Amino acid sequence: MTEQRIYLSPPDVGEVERKLLLEAFDSNWVAPVGPDLDAFEAQVAELTGVRHAVALSSGTAALHLALTAAGVRRGDTVLVPSFTFAATANAVMYLGARPVFLDSTADSWNLDPGLVAEELRLRAGRGQLPRAVVAVDMYGQCADYDPLLEACDRYGVALVEDAAEALGATYRGRPAGSFGLAGVLSFNGNKIITTGGGGMLVTDDGRVANRTRYLATQAREPVPHYEHRAVGYNYRLSNLLAAVGRGQVQRLGELVAARRRTAQYYRATLGDLPGLTFMPVADYGVPNWWLSCLLVDETAFGADRDRIIEHLGGQNIEARPAWKPMHLQPVFRDCVMRGGAVSAELFRRGLCLPSGSALTDHDRERVVAAVRAVAR
């Protein structure tokens, strides 16, 4: 292979991030506190339109503490979309609760609000309401929050927004991360912005923010000696990584625009092929185009999804299947599932194409040529 490898969604960092990182390093603010951490939290709070933000070591840590803030404890149930990354369900299990998986809608690939409303109605009738509902903004597109919030408010159930993939997206003009009791963001290396590893809890509730910050720093009491009245966690983000995040936030508009151009290019150059259907864009919002995803009809296209991935791999191009639903994962085989046909079909036929914000025109042309070469 003479061509450089094209990755699915690699980091895109440059001089802005390098400058801020070196300034933080030279200031000796290395430990998990410091001015860059404070500034990063303030930037993201403003960006998501909330009052408080707490920078953490991962999006999973933020999910864990958001569910803790919602009061989830051992023996509870939490409604979770099946079509998601495992971290969404794992965080429920950390607290000794059980996820109840619900299907997605074919017109947005997100959690089905009708199933949520029906499940809450049935469980209310039995006196077994879940402690929380987690909605996931799939592949950078927000879930449909008006009906989700209406259903949760009707039954007094907390909503947590897993916006790990959606920073920069909007729902009816409102930023991703700003819905429900708390929103969760991820700054993993493959996300729209990265700190190398990290996440954030964002909320309008000062009590949630304060409790999260307390638990994330080993639940240390504000006294001169080390005293602990609760079990805490080592979940805070370091000041050095926050400096990288500050630079990434400054470039968010640029990074989203680059991914949007790639998505539009794929749709324009592959949309004529029979058997390929791109992920729908819901009319209620604007995605951040984190990943460009599509469905493959094997009969019409002439090859299945896995054959396309195999061929792209042979051209030194990384592509991946859509998420394998949680109800099909061995670790969750004993959990309750409502519906399942939509998420199973998304997994069976779903394909994620390279979507990084640093893709060149030549990179995109290589991807399209490789996909077209597999067509009947």
Side-chain angles (χ1 to χ4, degrees), residues 1-10 81-86 103-110 136 138-141 165 189-191 259-281 287 289-333 339-376:
M1 297 179 184
T2 57
E3 290 273 26
Q4 187 174 2
R5 183 160 178 79
I6 298 175
Y7 291 96
L8 185 74
S9 182
S82 182
F83 189 61
T84 184
F85 179 57
D103 210 352
S104 298
T105 65
D107 58 2
S108 75
W109 297 17
N110 277 306
V136 179
M138 188 54 53
Y139 294 126
Q141 175 163 257
E165 303 168 3
N190 66 353
K191 295 301 188 292
R259 290 180 187 252
R260 181 173 60 246
R261 286 194 298 272
T262 293
Q264 291 170 341
Y265 181 81
Y266 288 152
R267 289 168 187 254
T269 55
L270 295 173
D272 65 307
L273 292 176
L276 299 186
T277 306
F278 283 90
M279 178 179 175
V281 178
W289 307 100
W290 175 56
L291 285 185
S292 289
C293 305
L294 51 87
L295 297 179
V296 181
D297 182 323
E298 177 182 358
T299 302
F301 184 72
D304 64 9
R305 183 270 316 278
D306 292 341
R307 175 70 186 109
I308 298 174
I309 292 175
E310 180 184 7
H311 180 72
L312 265 62
Q315 302 299 310
N316 216 15
I317 299 169
E318 181 184 21
R320 291 185 187 173
W323 297 126
K324 183 175 183 178
M326 294 301 101
H327 76 280
L328 299 179
Q329 300 283 357
V331 67
F332 296 119
R333 66 167 60 93
V342 173
S343 55
E345 187 70 357
L346 294 177
F347 169 59
R348 187 179 73 84
R349 298 171 50 204
L351 171 66
C352 304
L353 293 176
S355 305
S357 49
L359 285 176
T360 65
D361 289 344
H362 178 60
D363 291 336
R364 286 185 281 265
E365 291 166 0
R366 281 178 58 197
V367 174
V368 169
V371 173
R372 296 189 74 92
V374 187
R376 182 182 298 279

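Quick note: numbers below take in every heavy atom, side chains included, and nothing from hydrogens, waters or symmetry partners. As the structure is a prediction and not an experimental result, all values here were calculated from the model.
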Contacts of N110 that satisfy side-chain hydrogen bond (donor to acceptor under 3.5 Å, both in side chains) - sequence neighbours left out: none
Given side chains that start at C-beta, do those of R366 and N316 come closer than 4.5 Å, heavy atoms only? yes
Euclidean distance, S9 OG relative to Y139 OH, rounded to 0.5 Å: 11.5 Å
For R5, what residues pass the salt bridge (charged side-chain N to carboxylate O under 4.0 Å, His left out) criterion, not counting sequence neighbours? none
Is there a side-chain contact between V136 and W109, using heavy atoms and a 4.5 Å cut-off? no
What closest approach, in Å, do I317 and A370 show between heavy atoms, and which atom pair accounts for it? CD1-CB, 4.1 Å
About how many Å separate CD of Q315 and NE2 of H311, when rounded to the nearest 0.5 Å? 4.5 Å
Can you name the closest pair of heavy atoms from T84 and M138 and give their distance? CA-CE, 3.8 Å
L295 and L346, any side-chain heavy atoms less than 4.5 Å apart: yes
Sub-3.5 Å donor-acceptor pair from the side chain of R305 to the main-chain atoms of F347, do we have one? yes
Which heavy atom of A344 sits nearest to which heavy atom of P325, and what is that distance? N-CG, 4.1 Å
L270 side chain near F278 side chain, heavy-atom distance below 4.5 Å: yes
Taking side chain as C-beta onward, heavy atoms only, is D297 less than 4.5 Å from T277? no
Taking the side chain as everything from C-beta on, heavy atoms only, tell me whether F301 gets closer than 4.5 Å to V374. yes
Counting C-beta onward and ignoring hydrogens, is there a side-chain heavy-atom pair between P354 and Y266 closer than 4.5 Å? yes
Mind checking whether Y265 and E365 have side chains closer than 4.5 Å, heavy atoms only? yes
Sorted by chain and residue number, the side-chain hydrogen bond (donor to acceptor under 3.5 Å, both in side chains) partners of S355 (sequence neighbours excluded) come out as none
Got a second to check how far E298's CD is from R307's CZ, nearest 0.5 Å? 12.0 Å
Any chance you could measure L294, atom CG, to R267, atom CZ, to the nearest 0.5 Å? 9.0 Å
Donor-acceptor pair, distance only, cut-off 3.5 Å: does the side chain of R259 make one with the backbone of W290? yes
Between the main-chain N or O of P280 and the side-chain N or O of D107, is there a donor-acceptor pair closer than 3.5 Å? no
Taking the side chain from Q141 and the backbone from S108, do they hold a donor-acceptor pair closer than 3.5 Å? yes
Take atom CD of Q329 as the centre, draw a 6.0 Å sphere, and report whether it contains more than 12 heavy atoms from other residues, nucleotides or ligands. yes
Quick one: does S82's side chain have a donor or acceptor within less than 3.5 Å of a partner on H327's backbone? yes
To the nearest 0.5 Å, how far apart are CG in D363 and OG1 in T262? 9.0 Å
